[in-house]
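Below: the structure, in structure tokens.
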Number of protein chains: 2
Amino acid sequence: MSRRNAPKSVVKRLPVYLRILDSLIRRDVEIISSRVLSEETGFTAEQIRKDLAYFGAFGTRGTGYNTSYLREKLLRIIGLDRQTKIIVVGFGHLGKALTRYNVSKNPYVDIIGVFDINPEELHTDIPDLKIHSMEMLPEVILADQVKVAMITVPADVAQSVVDLLVDNGVTAILNFAPTKINVPEHVYVHNADLTIELQSLIYYSLEDEKQPEPE
Amino acid sequence: MSRRNAPKSVVKRLPVYLRILDSLIRRDVEIISSRVLSEETGFTAEQIRKDLAYFGAFGTRGTGYNTSYLREKLLRIIGLDRQTKIIVVGFGHLGKALTRYNVSKNPYVDIIGVFDINPEELHTDIPDLKIHSMEMLPEVILADQVKVAMITVPADVAQSVVDLLVDNGVTAILNFAPTKINVPEHVYVHNADLTIELQSLIYYSLEDEKQPEPE
DNA sequence: TATAGTGTGTTAAAATGATAACAATATTTG
DNA sequence: CAAATATTGTTATCATTTTAACACACTATA
């Protein structure tokens, strides 16, 4: 089960498959075909089969996929077979919303702490959540061997926060700050810049051709 | 200046260029080369030139791009030359965070209203923001000819909300609900499922090869 | 006003990703 | 138990996207 050579586009679809499987298992569905999976996910059946083929052969020809078995395999492939420890840096409104959302809806991750420059001014109703000052960052990361971080800090401090994270062993960052950040080769950054998503969406809201310019 | 044939991947980079140009103009930089733009954005210079070429020729050979001129062109291409009217459906923590963020940081859009099933229980410190009940949706959309919506509602009601939006003329939807939604051909949906982003990130946090299974 | 230098725009090649076709294998049915 | 049906896994084809190459245009300078 090699993980190395799967395209990014494939990896981004795996959690979608996982979610559908979770839902099917809750409904006591035991066998599922790629065609039905296709209807549930919106991806084509061919694409689903090819995506899974990057990691192995998990189905039975003529029958389909066992939902529980495929789920187990996907969990292992994605790396969710053990709960992943995560930190959130920046506990403004977005950081708070993301934290709350994942604590309640994402059983595969464990947000072990959040960080902010002035933790004493903040409070939260999220149970068991610790709000740390930035000075505590290295200590907490090292203690729990945290590899994954979400950052929702202002653009002008994003790079310094990222440097701090990387220095202490973080290898994957979900960046909500509206700025490009530089990291070493071995660190993976995914930019989730919501302003940019919204702006590129506006492009598609304008139907058909623009008028040629008056010049 | 045709807009029809530009790939999605290109369209998603345009707002990044725009942001960098805004920043350059604030610093009184008047001319910029694709190479310097490359350093600022993280995309290659070749890619930037090719991206722009989908829409026209905006630079001067031997010199570079005039920042203000290119900004104007990009605004027009993306459709940000007039402020875009937007609504947000679902005013939970995520909806609130997104609304606040765009009101304060995204001058190109105008969030004209937010909707929630129980608006009377909600309150906000965002100035000039109206919280409507869901019943008001058609009226508000039609009155302001709204084409763009963000939805942050629970998964189980997402499809019905989307149907309502589409029926009233919305043509572009930024979907934060963790579910697939079906829309007619002419409507564009961008899924911004933050759980999925996070889970696919975890894949990359595990360095190198997984152990082969004991089997 | 020719020449060297710089940097765009366009065309060509390579890489990546998606779609389609089909052979292999299981299940069901008469 | 043979034939028909269903569905995977794999290989081949096609489309898209990125990278590279280079001709063309402008600027500065002597």
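A, B, ... follow the sequence lines: proteins, then strands. Residue 1 opens every chain.
- Within 6.0 Å of the CZ atom in B/Arg82, the count of heavy atoms belonging to other residues, nucleotides or ligands does not exceed 12.
- Here the P atom of nucleotide D/dT19 and the CZ atom of B/Phe43 are 11 Å apart, to the nearest Å.
- Remark: P of C/dG9 and NZ of B/Lys73 are 12 Å apart, rounded to the nearest angstrom.
- At most 12 heavy atoms of other shown residues, nucleotides or ligands fall within 6.0 angstrom of atom CD in A/Glu30.
- Atoms CD (A/Glu46) and P (D/dA15) sit 16 Å apart, rounded to a whole Å.
- For the pair A/Ser9 and C/dT16, the criterion of a side-chain N or O lying under 4.0 Å from OP1 or OP2 is not met.
- The nearest whole Å value for the distance from the CZ atom in A/Arg61 to the P atom in C/dC22 is 16 Å.
- Taking atom NZ on B/Lys50 and atom P on C/dA14, their separation rounds to 16 Å, with Å as the unit.
- Of the candidates D/dT19, D/dC26, C/dC22, the closest approach to any side-chain atom of B/Thr44 belongs to D/dT19.
- DNA chain C lies under 4.0 Å from no heavy atom of any residue of residues 181-191 of chain A.
- Rounded to a whole Å, the CG atom of A/Leu70 is 11 Å from the P atom of D/dT8.
- No donor-acceptor pair closer than 3.5 Å links the side chain of B/Asp144 to the backbone N or O of B/Val146.
- Between A/Tyr54 and D/dT10 there is no side-chain polar atom (N or O) within less than 4.0 angstrom of OP1 or OP2.
- Look at B/Glu72 and B/Arg76 and you find no salt bridge, because none of the NZ, NE, NH1 or NH2 atoms lies under 4.0 Å from a carboxylate O.
- Distances from the side chain of B/Ser34 to the nucleotides C/dT8, C/dA24, C/dA26 place C/dT8 closest.
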May I have the step-by-step check of side chain to side chain donor-acceptor pair (under 3.5 Å) for B/Asn168 and B/Glu139, ending in yes or no? CA-CA 9 Å; B/Asn168 287 284; B/Glu139 187 177 324; over 6 Å; no
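- Nucleotides of DNA chain C nearest to B/Thr63 and A/Asp51 differ in position, and the one nearer the 5' end is that of B/Thr63.
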Assess whether side chain to side chain donor-acceptor pair (under 3.5 Å) is satisfied between A/Gln47 and A/Asp51, documenting all intermediate values. CA-CA 6 Å; A/Gln47 189 164 56; A/Asp51 284 355; 5.2 Å; no
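- Checked against D/dA25, C/dA26, D/dT7, the side chain of A/Thr60 finds its nearest nucleotide in C/dA26.
- Here D/dG9 presents its C1' atom at 17 Å from CZ of A/Arg35, a figure rounded to the nearest Å.
- A donor-acceptor contact shorter than 3.5 Å links the side chain of A/Gln145 to the backbone of A/Leu142.
- Note: B/Tyr204 and A/Tyr188 have parallel aromatic rings, judged against thresholds of 30 and 60 degrees for the angle between ring planes.
- B/Arg49 has no side-chain polar atom (N or O) that falls below the 4.0 Å cut-off from OP1 or OP2 of D/dA21.
- Spacing between atom CD of B/Gln47 and atom P of C/dA14 amounts to 19 Å, rounded to whole angstrom units.
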Decide yes or no on side chain to side chain donor-acceptor pair (under 3.5 Å) for B/Asn102 and B/Tyr108, but give the supporting numbers first. CA-CA 9 Å; B/Asn102 278 288; B/Tyr108 298 113; over 6 Å; no
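- Note on A/Arg35 versus A/Glu39: salt bridge recorded, some NZ/NE/NH1/NH2 to OD/OE distance being below 4.0 Å.
- Taking only side-chain nitrogens and oxygens, A/Tyr65 never comes nearer than 4.0 Å to OP1 or OP2 of C/dA26.
- Axis angle across the helix from C/dT1-D/dA30 to C/dG30-D/dC1, with five pairs used at each end and values rounded to 10°: 10°.
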